[in-house]
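Notes to accompany the following structure.
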Amino acid sequence: MRVLLLTCALAAASFAQQIKIDLDHLAKKAANTVDLSLPSNLIQLGAAMLDPKDPDQAQVKKVVSGLQAIYIKNFEFKREGEYTKADLDSIRTQMKAPEWARIVGVLSSEERETVEVWVKTDAGKVAGLTILAADPRELTVVNLVGSIDPAAIGELSGHFGIPKFSPPKSKKK
Amino acid sequence: MIGIVSTPKAAIDFDAAMQEHRSMVFSVAYHFLHDRDQAEEVAQDVFLSLHKNLHEIESPSHAAHWLRRVAVQRSIDASRRRMRRPVVALENVKEPSVKPAAADPLLGELLRKLIVSLPETQRMVVILRYQEDLDPTEIAAVMGIPVGTVKSHLQRSLALLREKLERRGVGER
Amino acid sequence: MDWLEEELKQALARKEPSADFDARVRRRMVRTMPRWLAAAAAVIVLASGAGLYRHRQGEMAKEQLLQAMRITGEKLSVVQEHMQSIGERQ
């Protein structure tokens, strides 16, 4: 069974206000920080430069075609315990708003990583996606604003060196 | 377990190479730097470098040689960047009062600390000889120094270590 | 080999890095931006000109898009792997 994420319906573009990602205080503790904020004009500018013959870039073009904004904060720490539950709750609390629904939360016991995914809907259509991923030494928040094609975003695996997952073969009964 | 599939052109599988050689790479860095966090960083850098240069690797044995060579270089670079004396002042190392039995962990730790106090090149020669079981010709190839230099470094290092151990009342069983 | 050499072999026995070492390397792999881009951006800014500036902006925006999607895909792959393992157990 593919992730539920993949079964969400396509949506017409519906601009959604970004969530507040108030985690900049973690930057000074982090060994590596990624901080991306891409408004619509930069997304379009960048998408226009993507090479349609490159499979990775072609996939990105599909994903970003309906997006209004992309926000990503990623912090990698040298030691455990550099971020707190309050940091995680600062995102989770916002996801309790009625327009957001958590569609999946997983724990990878091997890597002690939790990943939670929420989808924002507007008039029954997907208008945003938030991912909160946390392991003992890394914290990532992804917020995609706009119309999202779940099939396209699900197919990001198999690109950029991320392993492609195929649905398990159904067992004969 | 998440695996990464190599590109069709690569002669080796990156994931398999990392599994097979990570302890070698980490251990070279750890024994050289005597700092676990730094050693992890160096080891990560080495494998990132392997991934970037995968197209240059001709075979699994070439990968092993390549990784060893880069691990040596990066460890020495990290030590120079650190620009400080070895972590432990040897005067502060507790001296064993009796001759140690076989596989005495105290002696092992003492030896590791004494090794860190050796000059860089000698230190790495000792690590490659006794951790990796390389002969002087192989060490010379990895480090890019003459075989004669390797042999004299080995002789001097052993003499120095013996002298330091004798001063601490540790001698031949 | 004499006793000191034997002790050295034992003292320098290989050690394993942390349990999540492989995962850390993979995460850094999807995060690395091409170094040429930073250098190219600096050169292009110096060269100036509206067309060059726009091209630089476009290239940087493209790289940021790719980086954003790498990170997003990486995190979603954890979810997918979990769902796959559930499916295999059913």
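Below, read A as the first sequence line, B as the second, and so on, with proteins coming before strands; counting in each chain starts at 1.
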**chain C contact via A/Ala48 - which portion, at a heavy-atom distance below 4.5 Å** = neither

**Complete:** Looking only at heavy atoms, the pair that brings A/Ser90 and A/Leu23 closest together is OG-CD2, 4.0 Å

**Fill in**
Looking only at A/Leu36, A/Leu42, A/Val142, A/Ile72, most heavy-atom pairs under 4.5 Å shared with chain C are made by A/Leu36

**Asked** Between CD of A/Gln94 and NZ of A/Lys120, what distance do you get to the nearest 0.5 Å?
**Response** 10.5 Å

**Asked** Are any of the side-chain nitrogens in A/Glu76 or C/Arg24 under 4.0 Å away from the carboxylate oxygens of its partner?
**Response** yes

**Item:** Structural part of A/Leu50 lying under 4.5 Å from a heavy atom of chain C
**Value:** both

**Request:** Salt-bridge test for A/Asp135 and C/Arg27: reply yes if a basic N is under 4.0 Å from a carboxylate O, no otherwise.
**Result:** yes

